Amino acid sequence: MFKQIVTLVRGRSHDAAEEIIDANALSILRQQIRDCAEAINTARRSASLATAQLDQERRHHARILEQIAALESRTLAALENEKLDLAKEGAEAIARMENERDTSQIAQNAFSSEIDKLKATLRNAEERLRDLERGQRLAVTAHNTIRLRQTNPASRLTALKDAENTLYRLRARQQLEDVAEAALADMEVAWCQEGLEERLIEAGCGPANRSRADDVLIRLQARIQSPTE
């Protein structure tokens, strides 16, 4: 059980770390690109320093060759003049210079090889850095596009349809109320007219429009009095 709990904690920590990385991916990428650019600048300075050292070694090698040539000439002259002790010293000095010349040549070859490798690595790193910078610009553009899409009023146009439906229902209800008010007004007019007509009939102005109990009794009494009808 304890092992499972530890595994769960580790899993949640990993998930939380992944979420943090995903949420801050652009910031992380920008810093990583800055680190890469700084590393490339450091490599450039190293290449420049190595190139300067190679040039210095080449100049040193050239001076050794000049010194060897001059000393050989003087040693030959000593031999020709049978000054063997001086000739031997000259030969020993030439041998030391030739060893130094060979060492210088080895150093030049090593410098040249390393500089060529470093320059090739730099060219590759610079191209990869340019690709990263292009990718970063695309990622920023895509990120901004997504944010714009999320905050774009066009994504909320459905609210317009809802508002239009609400307005339609409101107008329909208002029209229904207007019709009801008109019908009520008509009914009130009719009631007024009917009341006026009743008052006119009662005043003897014209025949009645409907039967009344008094009229029915009068008609029935008349039939009793006149059975032949």
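One is the number of the first residue; the rest follow in order along the sequence. Just so we're clear, the structure is a prediction, and the values are computed from it rather than from any experiment.
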Open item on the list: The criterion is salt bridge (Lys or Arg N to Asp or Glu O under 4.0 Å); which residues satisfy it with R59, sequence neighbours excluded?
Closed with: none
Open item on the list: Applying a strict under-4.5 Å side-chain criterion to I, L, V, M, F, W and Y, I'd like to know whether I33 and L122 cluster together.
Closed with: yes
Open item on the list: Show the nearest heavy-atom pair for residues R101 and L65, with the distance to one decimal.
Closed with: CD-CD2, 3.4 Å
Task: Euclidean distance, R58 CZ relative to D55 CG, rounded to 0.5 Å - done: 6.0 Å
Open item on the list: Checking one residue: I115. Which other hydrophobic residues are in its cluster under the side-chain 4.5 Å linking rule?
Closed with: L54, F111
TODO: Could you tell me which residues satisfy side chain to side chain contact (heavy atoms under 4.5 Å, CB included) with E100, sequence neighbours excluded, listed by chain and number?
DONE: H60, I64
Task: Flag if over 12 foreign heavy atoms under 6.0 Å of CG, D85 - done: no
Task: Separation between CG of L129 and CZ of R134, rounded to the nearest 0.5 Å - done: 9.5 Å
Task: T75 versus A87, closest heavy-atom pair with distance - done: CG2-O, 3.4 Å
TODO: Determine whether more than 12 heavy atoms belonging to other residues, nucleotides or ligands lie under 6.0 Å from atom CD of E127.
DONE: yes
- [ ] Taking all heavy atoms of I40 and all of A125, pick out the closest pair and write down the distance.
- [x] CD1-O, 3.6 Å
Task: Straight-line distance of L71 CG to L76 CG, nearest 0.5 Å - done: 10.0 Å
Open item on the list: Can you confirm whether more than 12 heavy atoms, excluding those of E133, are under 6.0 Å from its CD atom?
Closed with: yes
- [ ] Determine which pairs satisfy side-chain hydrogen bond (donor to acceptor under 3.5 Å, both in side chains) with at least one residue from residues 27-46, sequence neighbours left out, and list them in order.
- [x] S27-R30, Q31-R34, Q31-D35, N41-R44, T42-R45, R44-E126
Task: Hydrophobic cluster of L79, others only, ordered by chain and residue number, side-chain cut-off 4.5 Å - done: L84
- [ ] Could you grab the distance from atom CD of E72 to atom CD of E98, nearest 0.5 Å is fine?
- [x] 6.0 Å
TODO: Return the set of residues passing side chain to side chain contact (heavy atoms under 4.5 Å, CB included) with Q105 (not counting sequence neighbours), or none when no residue passes.
DONE: H61, Q108, N109
